[in-house]
Amino acid sequence: MLDIKRIRTNPDELKAALALRNKTDIDVDALIALDESRRALMAEVEAKKAKRNADSAQVPKLKKAGEDASALLAEMKRLSDEITALDSQVSEKEAELNDFLMSIPNIPYKDVAPGKDDSANEELRRWGEPRTFDFEPKPHWDIGTELNVLDFDTAAKVTGARFTFYRGLGARLERAVFNFFLDVHTLESGYTEVFPPFLANTASMRGTGQLPKFAEDMYHVEGTDYYLIPTAEVPVTNMYREQILDAAELPIKHCAYSACFRGEAGSAGRDTRGIIRQHQFNKVELVKFTKPEDSYAELESLTINAELVLQKLGLPYRVVRLCGGDLGFSSAMTYDIEVWMPSYDRYLEISSCSNFEDYQARRANIRFRRDKASKPELCHTLNGSGVAVGRTVAAILENYQQKDGSVLIPEALWPYMAGNKAIK
RNA sequence: GGAGAGGUAUCGAAGUGGUCAUAACGGGGCUGACUCGAAAUCAGUUUGAGGGAAACCUCACGUGGGUUCGAAUCCCACCCUCUCCGCCA
């Protein structure tokens with residue numbers, strides 16, 4: 001959520017930001033008018049409350065002096081009725097303003113280029129050479145099925161479409177990948193591991209911005225206040241909700257494994273084969289809480305930390321900066337890391353690293369204090385996949401496939417594979 | 001799931017319709033005095049959000065409702081913590 005004061009002082013900044021994002025359906029002037037009428041109402045009701053408080057202090061004095069307070073009480077009754085009516089108008093306006101603010105995306109950082117969609121994203125760097133095959137490479141769903149490590153049919157029977165059973169060394173490979181990721185991030189990059197709950201309540205979902213806008217993408221547990229998390233970002237970011245952190249603790253760097261659950265409303269027909277787009281998938285997430293002045297340097301290092309695991313696995317990738325039109329709702333700037341996927345014959349998103357600046361922190365009320373005498377300030381929050389586990393397994397199956405149908409295990413994963421250096 | 005106790009600032013905690021919300025009392029932090037310095041001692045100071053050009057005003061006692069001229073205090077619902085019981089990996 002953006003700061004209404006920032007919008008009030010500089011509406012043109014927001015208008016330019018919305019234009020950069022190709023958002024044309026938001027009436028900034030209407031928002032400012034709404035804010036003005038809210039403040040006028042507040043001034044009115046607060047003056048009446050001040051009068052009531054002053055009168056209220058008189059009541060015990062009159063009673064003590066043995067005087068008749070009934071005229072004053074009648075006046076206060078009238079005043080209180082007015083206050084009740086005005087108060088409900090104020091809360092209506094506030095709710096309206098809040099809903100409006102919640103519907104406004106973050107203001108992109110200065111480096112974000114204009115552009116309609118992902119075709120305008122700017123490629124920043126590439127790592128590794130896409131492999132050339134001296135045979136016809138297979139897509140991972142065929143490799144996985146033939147090696148009996150991915151089983152889509154059984155999952156369809158047991159649960160439904162877009163779920164998968166991993167079997168045997170496939171299951172071990174999935175487990176090896178996220179253990180390897182967590183080891184690299186904790187031991188080499190200095191992240192503190194957390195293992196979060198996979199369900200989170202409404203307040204947390206609002207804190208990180210899944211609610212109210214994206215309710216249809218999430219699984220809600222009937223009869224409870226709980227949602228299945230769509231990413232570990234939700235529980236990990238909300239760890240510090242409603243807290244004032246000490247500047248000396250910053251930056252806080254967490255990595256977390258979790259299963260992720262997404263309804264994927266609106267994605268019917270896309271990536272239907274294989275394990276690219278599932279209702280349940282595994283991911284290791286990187287989350288940072290920083291001081292405002294450090295957040296862009298921390299975004300660079302977070303992205304490099306995510307890239308490191310792909311380098312160690314020998315998977316070719318590229319890094320792109322999302323353009324205004326492709327940028328996520330809460331993000332001020334995002335780098336996507338895309339892994340080479342032979343069956344797609346292109347790079348495919350495997351990580352998304354974003355700086356939310358204070359947008360999430362304002363919603364979730366995550367603050368810090370520079371020193372004991374200073375006022376609390378909002379933190380900047382960042383997160384990125386470090387990286388998506390299922391897509392990594394798919395990329396390994398495809399990039400490491402052999403002519404005989406087997407798949408070699410990248411050397412970095414050998415210690416996690418119980419002596420197996422290939423899946424045959 | 002059942003029974004009981006509890007939720008007030010940075011921590012402990014008092015307050016049970018108006019004179020008790022910056023909020024008693026105690027601890028911690030900060031500033032100063034004393035000291036060569038430190039400890040001890042003494043004095044002062046120390047919540048957050050919102051509105052306003054400012055003076056200043058409003059709001060917040062787990063959350064949301066209700067009663068009342070007025071609620072931390074009375075009533076209702078819910079959430080969380082602790083203890084005991086039940087159940088369970």
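Note that these values count all heavy atoms, side chains included, but never hydrogens, waters or copies made by symmetry. So you know, we letter chains A, B, ... as the sequences are listed, proteins then strands, and number each from 1.
- In this structure, A:Lys5 places its NZ atom 9 Å from P of B:rG52, rounding to the nearest Å.
- Salt-bridge annotation for A:Glu13 and A:Arg6: present, with a side-chain N of the basic residue lying under 4.0 Å from a carboxylate O of the acidic one.
- Of the P atoms belonging to B:rC25 and B:rC36, the separation is 33 Å, rounded to the nearest Å.
- Using atom P as the reference point in both B:rA71 and B:rA60, the two lie 9 Å apart (nearest Å).
- The aromatic ring centroids of A:Tyr191 and A:His254 lie 6.0 Å or more from each other.
- Among the heavy atoms of the strands, none lies under 4.0 Å from A:Arg362.
- Between B:rA9 and B:rU68, the two C1' atoms lie 28 Å apart (nearest whole Å).
- Spacing of P atoms, B:rG29 relative to B:rC11, comes out at 15 Å, to the nearest Å.
- To the nearest whole angstrom, the two C1' atoms, one in B:rC42 and one in B:rG48, are 31 Å apart.
- Salt bridge A:Glu377/A:Arg367: absent, no basic N to carboxylate O contact under 4.0 Å.
- Base orientation for B:rC84: anti, the chi torsion being more than 90° from 0.
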> Please, what dot-bracket string fits RNA chain B when only Watson-Crick and G-U pairs with both distances under 3.5 Å count, crossing ones use [ ] and pairs to another strand use |?
Replying inline: ((((((((..[[..)..(......]].((((((.......))))))(((((....))))).[[[[[..)....]]]]])))))))....
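- Atom CG of A:Asp81 has more than 12 neighbouring heavy atoms from other residues, nucleotides or ligands inside a 6.0 Å radius.
- Side chains of A:Glu298 and A:Thr290: a donor-acceptor N/O pair is absent below 3.5 angstrom, by distance only.
- Ring centers of A:Phe261 and A:Tyr219: at least 6.0 Å apart, outside the cut-off.
- Looking at A:Lys157 and A:Asp153, no side-chain N of the basic residue comes within less than 4.0 Å of a carboxylate O on the acidic one, giving no salt bridge.
- With sequence neighbours left out, the side-chain hydrogen bond (donor to acceptor under 3.5 Å, both in side chains) criterion links A:Arg321 to A:Glu122.
- Remark: the A:Asp151 side chain and the A:Thr154 side chain contain an N/O donor-acceptor pair separated by less than 3.5 Å.
- The residues A:Arg273 and A:Asp271 are annotated as not salt-bridged, no charged nitrogen and carboxylate oxygen being separated by less than 4.0 angstrom.
- Applying the 4.0 Å criterion to OP1 and OP2 of B:rG70, one finds that A:Ser80 has a side-chain N or O inside that range.
- Going from the P atom of B:rA54 to that of B:rC34 covers 40 Å, rounded to whole Å.
- The shortest distance between the side-chain N/O atoms of A:Arg38 and the OP1/OP2 oxygens of B:rG50 is not below 4.0 Å.
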Short N/O separations, protein against nucleotides 17-20 of chain B, under 3.5 angstrom:
from, atom 1, to, atom 2, distance (Å)
B:rG18, O6, A:Lys63, NZ, 3.0
B:rG18, N2, A:Ser56, OG, 3.1
B:rU19, O2, A:Lys64, NZ, 3.3

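- Atom CD1 in A:Ile4 sits roughly 11 Å away from atom P in B:rG52 (whole-Å rounding).
- Counting to the nearest Å, the P atom of B:rC80 and the CG atom of A:Asn201 are 9 Å from each other.
- For RNA chain B, none of the residues of residues 232-247 of chain A falls under the heavy-atom distance limit of 4.0 Å.
- For the P atom pair drawn from B:rC57 and B:rG1, the interatomic distance equals 48 Å after rounding to whole Å.
- Counting only N and O atoms by type, the side chains of A:Tyr227 and A:Gln210 include no donor and acceptor under 3.5 Å apart.
- An OP1 or OP2 oxygen of B:rG50 is reached within less than 4.0 angstrom by no side-chain nitrogen or oxygen of A:Arg8.
- Contacts of A:Thr392 classified as side-chain hydrogen bond (donor to acceptor under 3.5 Å, both in side chains), with partners at least two apart in sequence or in another chain: none.
- Inspection of the A:His380 and A:Glu357 side chains reveals no N or O donor paired with an N or O acceptor under 3.5 Å.
- To the nearest whole angstrom, the two P atoms, one in B:rG2 and one in B:rC78, are 10 Å apart.
- Place A:Lys77 and A:Arg39 on RNA chain B by their nearest nucleotides, and A:Arg39 ends up nearer the 5' end.
- Of the candidate nucleotides B:rA49, B:rG70, B:rG51, B:rA49 has the atom lying nearest to any side-chain atom of A:Arg367.
- Crowding of A:Tyr226 atom OH: a count of heavy atoms from other residues, nucleotides or ligands under 6.0 Å not exceeding 12.
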> What is the per-nucleotide protein-contact pattern of nucleotides 56-63 of chain B, from the 5' end, where B denotes a base atom under 4.0 Å from a protein heavy atom, S denotes such proximity for sugar-phosphate atoms only, and - denotes neither?
Replying inline: -BSS----
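- In the model, A:Asp111 has no side-chain atom that pairs as donor or acceptor with a side-chain atom of A:Tyr296 under 3.5 Å.
- Side-chain proximity of A:Met42 to the nucleotides B:rG48, B:rG70, B:rG50 is greatest for B:rG50.
- Looking at which nucleotide of RNA chain B each of A:Asp3 and A:Thr84 is closest to, the 5′-most match is held by A:Asp3.
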